Trainee: 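One structure, pasted below without further comment.
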Amino acid sequence: MKKRTVPFVLALALFVPTIAGILVGCCGAPAKASASAKSVYAFSAFTSGQYLTSGGGTGLSQSNENGLNKNNLFSASPYAGTARPELIKNDIEKVNTYIGMFEGYLKANSVKPESAKPTVEVDGEKYGAYNIKLSSTLATSKGNVKYTIYYNEVAKGTDATDPSDDIVVKAEDEELEVSTSLNGWMVVGDPKATTPEELVITGERTVTTEGNETEAEVEFVTTKGTKSITVKQSVELNEIEFGYEIKDGENVISETEVSWESEENEKPELEIQFKNAQHVADGVEYLVKQDATGGYKVTYSVDEVEKGFFTVKVKEDDATKFIYTYEDGFNEPIAR
């Protein structure tokens, strides 16, 4: 059987012979593949939603060409630096965008959404007609915000939605491929509001099994007006890897590799590397982790060699801004 392939900045083929239980049952027993898929769908939708509903992630400081913030009046000392580190000075707004997108999950320490069957009584006539409902309440610059997605998942080549919440994948000795597509809505806030904030969601998933080997590909698109975010993922144990492509119309704003890792009793980590973008620091990887103060420490490295770090904290007198502080003491406010 010819395999389906998708070109992108992230390799999407995922072979998991030792962890087939994520998508198929162990020992060849049938199992439902939707548990991890639902988390991936929700994670993709809600991180994209935070970007698309926050004004498109502008997050720009009042900086001149040298990176000095014109309104910076609170350097750490008279000897503090006066500009961003040269290596990363053009990446900061992009890093800020992704911290904003993932902030709710960095603080929540969980990627598992709440799942329920939509009903007309609870969700209204429009959303109650869908088969699947996933929701999470996440911390944002506007406070705690509830994000909900409603969708139907359809086996490709059919017109009817699967009557259950799940797509079942069986492990057989011969190769088996199951492809599904989904469509629906993401709602920010109360779904029963008079004019709820809505975003269109679409996606597709292909799971191929051959013996004990499983390959999974997932693509998820969130759209609001002319702006869209396409997310393509692979999942392995506690680590989730993504390729994010942000577009305005046909114009690609950024392409980014993102790795999310969350382990029991450990703070989650977000790793970011920008791709194919003008003026970004080539080969620099950023590791974002929440610190003891509730802010974030961001370490940046090249070829796995640490080059420096900076901290990110919510501005005390204005919760709509972060304060970025670099190793030399220079700091600047940037909109969340």
Side-chain angles (χ1 to χ4, degrees), residues 1-16 22-24 32-52 98 101-102 105 111 113 130-132 134 147 149-158 161-162 165-167 169 176-186 199-209 214-236 239-260 272-277:
M1 180 183 294
K2 185 177 180 180
K3 295 289 197 305
R4 173 179 172 274
T5 59
V6 181
F8 199 60
V9 297
L10 179 66
L12 295 173
L14 173 63
F15 292 94
V16 285
I22 291 179
L23 293 174
V24 297
K32 293 184 176 180
S34 64
S36 59
K38 285 181 177 178
S39 292
V40 167
Y41 292 159
F43 193 83
S44 303
F46 300 154
T47 54
S48 298
Q50 290 201 61
Y51 174 91
L52 293 170
Y98 280 87
M101 288 170 64
F102 284 83
Y105 281 104
V111 298
Y130 285 89
N131 284 343
I132 304 171
L134 304 174
Y147 295 84
I149 56 175
Y150 299 91
Y151 66 92
N152 293 329
E153 189 163 16
V154 184
K156 285 189 174 181
T158 65
T161 59
D162 190 286
D165 284 354
D166 308 311
I167 302 299
V169 179
L176 174 66
E177 181 176 288
V178 176
S179 297
T180 64
S181 62
L182 68 86
N183 64 86
W185 297 93
M186 174 162 54
L199 299 87
V200 177
I201 60 172
T202 58
E204 59 182 48
R205 173 164 59 105
T206 299
V207 179
T208 305
T209 59
T214 300
E215 178 183 344
E217 297 176 352
V218 179
E219 176 178 316
F220 195 97
V221 183
T222 305
T223 304
K224 182 180 181 182
T226 61
K227 294 182 178 179
S228 67
I229 300 180
T230 299
V231 186
K232 301 181 182 182
Q233 315 94 343
S234 63
V235 181
E236 183 174 359
E239 184 172 352
I240 307 175
E241 294 185 346
F242 305 82
Y244 274 73
E245 182 184 66
I246 302 176
K247 297 177 70 175
D248 189 348
E250 295 302 314
N251 180 41
V252 177
I253 297 173
S254 73
E255 292 180 79
T256 310
E257 289 184 3
V258 174
S259 177
W260 170 270
I272 306 167
Q273 185 173 13
F274 302 110
K275 296 288 185 181
N276 303 328

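All values derive from a computational prediction rather than experimental measurement. Any value given below was found using the heavy atoms of this structure, including those in side chains, with hydrogens, waters and symmetry copies removed.
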Trainee: With a 4.5 Å cut-off on side-chain heavy atoms, are Thr47 and Tyr244 touching?
Mentor: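 With C-beta onward as the side chain, the pair touches.
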Trainee: Which residues pass the side chain to side chain donor-acceptor pair (under 3.5 Å) test with Tyr147, not counting sequence neighbours?
Mentor: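 Per chain and number, Tyr147 pairs via side chain to side chain donor-acceptor pair (under 3.5 Å) with no residue.
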Trainee: What's the separation between atom OH in Tyr51 and atom OG in Ser254, rounded to the nearest 0.5 Å?
Mentor: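 Separation between the atoms: 6.5 Å.
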Trainee: Can you tell me which residue among Glu217, Glu177, Glu153 is in a salt bridge (Lys or Arg N to Asp or Glu O under 4.0 Å) with Arg205?
Mentor: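 One option only clears the test, and that one is Glu153.
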Trainee: Applying side chain to side chain donor-acceptor pair (under 3.5 Å), can you list everything that pairs with Lys224, at least two apart in sequence or on another chain?
Mentor: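 Once residues adjacent in sequence are excluded, the partners of Lys224 under the side chain to side chain donor-acceptor pair (under 3.5 Å) criterion are Glu197.
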Trainee: Indicate the atoms forming the closest heavy-atom contact of Ser179 with Thr206, along with that distance.
Mentor: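 The pair with the smallest heavy-atom distance is OG-OG1, 3.2 Å.
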Trainee: Please verify the inter-ring angle class for Phe102 with Phe242; under 30° counts as parallel, over 60° as perpendicular, anything in between as tilted.
Mentor: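 Taking Phe242 first and then Phe102, their aromatic rings stand perpendicular (interplane angle over 60°).
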Trainee: If you take all heavy atoms of Leu134 and Ala42, which pair is closest and at what distance?
Mentor: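 The pair with the smallest heavy-atom distance is CD1-CB, 4.3 Å.
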Trainee: State, to 0.1 Å, how close Leu199 and Gly49 come at their nearest heavy-atom pair, and which atoms those are.
Mentor: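 Looks like CD2-CA, 4.4 Å.
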Trainee: So, does Asn152 use its side chain to make a donor-acceptor pair with the main chain of Asn131 at under 3.5 Å?
Mentor: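 Indeed, once roles are kept as given, a pair shorter than 3.5 Å links the two residues.
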Trainee: Checking side chain to side chain contact (heavy atoms under 4.5 Å, CB included) against Leu52, which of Met186, Lys227, Met101 comes through?
Mentor: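 Running side chain to side chain contact (heavy atoms under 4.5 Å, CB included) over Met186, Lys227, Met101 with Leu52 returns exactly one hit, Lys227.
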Trainee: State whether a side-chain donor-acceptor pair under 3.5 Å links Thr202 with Asn183.
Mentor: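 Thr202 vs Asn183: no donor-acceptor pair found between side chains.
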Trainee: Using 30° and 60° as the class boundaries, would you call the ring planes of Phe43 and Tyr105 parallel, tilted or perpendicular?
Mentor: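 Tilted, since the angle between the ring planes falls between 30° and 60°.
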Trainee: Applying side chain to side chain contact (heavy atoms under 4.5 Å, CB included) between Phe220 and each of Leu182, Ile229, Val40, report the one that passes.
Mentor: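 Per the side chain to side chain contact (heavy atoms under 4.5 Å, CB included) rule, the option paired with Phe220 is Leu182, out of Leu182, Ile229, Val40.
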Trainee: Mind checking the NZ-CD spacing from Lys247 to Glu255? Nearest 0.5 Å is all I need.
Mentor: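 Reported to 0.5 Å precision, the distance equals 9.5 Å.
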Trainee: Could you tell me which non-hydrogen atom of Thr223 sits nearest to which non-hydrogen atom of Ser228, and how far apart they are?
Mentor: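 That would be OG1-CB, 3.7 Å.
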Trainee: At their closest point, which heavy atom of Glu219 faces which heavy atom of Gln233, and how far apart are they?
Mentor: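 Closest approach of Glu219 to Gln233, heavy atoms only: N-OE1, 4.2 Å.
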Trainee: Going by the rule side chain to side chain donor-acceptor pair (under 3.5 Å), which residues pair with Ser48 if we only count those two or more places apart in sequence or in a different chain?
Mentor: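 Not a single residue meets the side chain to side chain donor-acceptor pair (under 3.5 Å) criterion with Ser48.
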Trainee: Pair Trp185, Val200 - check side-chain contact (heavy atoms from CB on, under 4.5 Å), show working.
Mentor: CA-CA 5 Å; Trp185 297 93; Val200 177; 3.8 Å; yes
Trainee: Once side chain to side chain donor-acceptor pair (under 3.5 Å) is applied, do any residues pair with Thr222, and if so which ones, sequence neighbours excluded?
Mentor: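 With sequence neighbours excluded, Thr222 shows a side chain to side chain donor-acceptor pair (under 3.5 Å) to no residue whatsoever.
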